[in-house]
Structure formats: C-alpha cells, structure tokens
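The block underneath contains the structure these notes are about, expressed in structure tokens.
Lettering follows sequence order; numbering is per chain, from 1.
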Amino acid sequence: MDTTITFLQLAIPAEENFSLADTLDCGQCFRWEAEGDGWYHGVVSRRFCRAKQMPDGLLLEHAAEGDEPFWRNYFDLEVSYAAIRERLCRDRQLARAAAFAPGIRVLRQEPWETLCSFIISQNNNLGRIKGIVARLCGGFGDELSVGIHAFPRPEQLAGHTEEDLAPLRAGWRAGYLLDAADKVASGELDLDEIARMPLDDARAALQTIRGVGPKVAECALLYGFGRRECFPMDVWMKRAMKQLFPKGLPRCARADAGIAQQYIFHYARVCPEAFDKK
DNA sequence: TGCCAGGCGACGC
DNA sequence: GCGTCGCATGGC
C-alpha cells in the first residue's frame with residue numbers, strides 16, 4: 001500500500017482576499033466538512049482531498065501534482081475577484097453586502113452533481129441537504145477509498161425505485177432525482193449539450209426534468225455550468241432584494257450577477273435580523 | 001407544538 | 001397567467 005501523502009500548493013494573490021471558510025460555508029456546495037482546526041475535507045469529481053488556507057494561498061493534501069489546473073479551475077482562481085468586486089462595489093449596497101464575506105469565490109462544480117444537489121435543496125435546509133447528499137453518495141456512489149464515496153453517476157441511480165432511495169430520507173425529492181437520472185442516463189438530456197446552449201435554451205432543457213423549476217435550473221447553471229450571469233432567487237434572496245434593490249440588481253452587476261448573488265445571499269443568511277420575513 | 005427550510009407541481013380561477 | 005396548497009423530513 002502506498003502511504004505517501006501528497007501536497008499541492010495553490011498560490012493566491014493577497015488582493016484576492018480569498019477565504020476558504022466563507023467559500024465552502026456559503027451554501028453553494030454540500031460535500032465539504034470542516035474538521036475544526038482550519039482543515040476541511042471533501043470529494044470533488046472523484047478526488048478526495050483535505051484543504052487548508054495558508055497565508056499565501058491554499059494547501060491541498062492528497063491532491064495530485066498534475067491536478068493543479070483542475071483545482072485552480074474548481075476554486076475559480078483564474079478569475080480576478082478583486083476586479084469583479086471593484087465593478088460590483090460601484091454600487092453602495094452591493095459594496096455593503098460584499099463586505100460581509102469578500103473572500104467568497106463561486107466554485108466551478110460538476111454539472112450532474114450540482115443539478116442533483118439543488119434538486120435536493122428545494123424546501124430544505126443546508127444541514128439536511130448535506131446529510132441527504134452524503135447518504136446518496138454512500139449508498140450509490142463508487143467507493144474511492146475506505147468510507148469515501150464518489151457522487152453517483154446518472155446510470156448508477158437510473159432504474160432504481162423511490163423505495164430504493166428511501167434510506168436517503170429525501171422525501172418527495174427522491175422521485176425528482178430518479179427522473180433526472182433516467183433522463184440523463186438514457187441520453188434524453190445531454191448535459192454536455194446543455195453546457196453549450198444559449199442560456200434560455202439551457203434553462204428550458206433543465207426544466208424538462210420533474211422537480212426542476214426556475215430556481216433549481218438557475219442554481220445548476222450558475223454553480224455547475226459556470227454561467228456567471230445566472231441569478232438564483234430563493235426565499236433569502238427575495239427578502240434581501242426587496243429591501244436592498246427593490247428596482248432590481250444594478251447595472252454594474254449584470255455580467256457578474258451570480259457572484260453578486262452569492263454576496264447578497266450570504267449577507268441575508270448571516271444577518272437574518274436585517275431583513276423582514278415577509 | 002408549530003414553524004420553517006436555497007421550490008415545485010397540481011389545481012382552480 | 002396567477003395565487004394557493006400540499007408535499008417528506010428534521011431542527012429549532
């Protein structure tokens with residue numbers, strides 16, 4: 001058995017203001033767990049790794065040397081968030097929202113996993129979403145090493161019954177997951193093709209899945225397909241937008257709407273008392 | 001105990 | 001097209 005532990009360091013310029021904790025805890029991903037001492041561990045696209053923020057960037061344990069481009073892409077490190085924030089912060093309210101967690105980056109996650117995760121997210125809370133995703137991986141995904149499972153491929157879910165998925169405790173979302181798996185595994189829906197479609201066509205294609213409406217499609221496109229102009233509106237965002245931007249998102253945020261959304265969402269979640277429930 | 005959670009589908013109008 | 005309701009589950 002090879003017991004060599006590999007480390008990979010990703011340099012991140014200080015002006016990026018990167019925060020691993022805010023990035024992993026802001027509700028966009030569901031497979032990272034905090035270990036309590038600054039370390040996190042998670043599985044991304046069949047790669048298990050531990051991550052810790054260092055003064056000059058990010059330290060990844062168990063990450064292969066050749067995977068540096070993969071991880072840089074995952075953490076969206078080829079994009080300057082300093083420049084994006086500069087554009088967004090021309091608006092005073094956006095500047096206020098971004099100030100709560102300027103180190104957030106919008107991860108570039110796998111389309112299929114992201115789609116399923118946000119199907120599970122509907123009328124649900126972050127803790128439970130993570131639990132259901134963990135049980136989905138444990139029950140149906142490949143075991144990568146002892147106790148560590150990949151997210152199940154569509155064909156590993158397709159053909160199962162809602163009864164088979166009962167241990168997930170996903171409730172009525174189980175049927176939605178199965179419909180997504182059946183459509184993707186059968187080729188009726190081609191996620192690679194969706195990735196290349198004009199945005200409105202991609203939205204419509206995703207919404208042919210039972211249980212995928214405007215919100216879930218928007219999240220899948222933003223987090224899983226890298227469509228940064230997408231702007232998911234959930235209950236938190238609706239509350240925040242009503243107070244902060246009753247006339248809609250300012251112009252300066254148009255191209256980076258998804259990233260603006262992440263700042264606003266996080267602000268609303270960490271300061272719920274600042275926003276009316278109605 | 002009731003209320004709520006990163007919604008959606010079915011239904012009535 | 002729009003409002004309302006129920007939906008499974010678990011934390012508070």
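Using cut-offs of 30° and 60° for the angle between ring planes, the A:Tyr267 and A:Phe275 rings count as perpendicular. Between A:His160 and A:Phe140, the angle of the ring planes goes over 60°, which puts this pair in the perpendicular group of the 30/60° scheme.
The two residues A:Phe18 and A:Gln53 come nearest to each other via the heavy atoms O-NE2, 2.6 Å. When all heavy atoms of A:Ala150 and A:Cys137 are compared, the closest pair comes out as O-CB, 3.6 Å.
Between the side chain of A:Asn123 and the base of C:dA8, at least one donor-acceptor pair of N or O atoms lies under 3.5 Å.
Between B:dC4 and C:dG6, the distance separating the two P atoms is 15 Å to the nearest Å. Rounded to the nearest Å, the gap between the P atom of C:dA8 and that of B:dC11 is 16 Å. When the P atom is compared between B:dG6 and C:dC2, the two are found 26 Å apart, to the nearest whole Å.
For the OP1/OP2 pair of C:dT9 and a distance below 4.0 Å, the side-chain nitrogens and oxygens of A:Arg128 include no atom meeting the criterion.
Relative to the six-membered ring of A:Tyr74, A:Arg108 misses at least one condition, a distance below 6.0 Å or an angle of at most 45° to the axis.
The distance between atom CG of A:Leu165 and atom P of C:dA8, rounded to the nearest whole Å, is 16 Å. Taking atom NZ of A:Lys130 as the reference point, atom C1' of C:dG10 lies 16 Å away to the nearest angstrom. The CD1 atom of A:Ile129 sits 12 Å away from the C1' atom of C:dT9 (whole-angstrom rounding). The CZ atom of A:Arg173 sits 17 Å away from the P atom of C:dG6 (whole-angstrom rounding).
Residue-environment remark: CD (A:Glu78) exceeds the threshold of 12 foreign heavy atoms within 6.0 Å.
The nucleotide range of DNA chain B contacted by chain A, defined by atoms under 4.0 angstrom from heavy atoms of the protein and reported 5' to 3', is B:dC4 to B:dA10.
Using a 4.0 Å heavy-atom criterion, one finds that A:Arg269 contacts no nucleic acid atom at all. Heavy atoms of A:Phe30 sit nowhere under 4.0 angstrom from any nucleic acid atom. A:Gly213 comes within contact range of the sugar-phosphate backbone alone, with a heavy-atom separation under 4.0 Å but no base atom that close. Among the heavy atoms of the strands lying under 4.0 Å from A:Trp172 is at least one base atom, whether or not backbone atoms are also near.
Within residues 257-266 of chain A, the residues that place at least one heavy atom under 4.0 Å from DNA chain B are, in residue-number order, A:Gln261, A:Gln262, A:Phe265.
Taking CD of A:Gln261 as the start and CE of A:Met241 as the end, the distance is 9.5 Å to the nearest 0.5 Å.
A:Pro232 pairs in a side-chain contact (heavy atoms from CB on, under 4.5 Å) with only one of the listed residues (A:Gln262, A:Glu218, A:Met237), which is A:Glu218.
Nucleotides of DNA chain B nearest to A:Met237 and A:Val212 differ in position, and the one nearer the 5' end is that of A:Met237.
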Show me the donor-acceptor pairs, under 3.5 Å and distance only, between side chains in residues 59-68 of chain A and residues at least two apart or in other chains.
unit_1, atom_1, unit_2, atom_2, d
A:Glu61, OE1, A:Arg50, NH1, 2.7
A:Asp67, OD2, A:Arg47, NE, 3.0

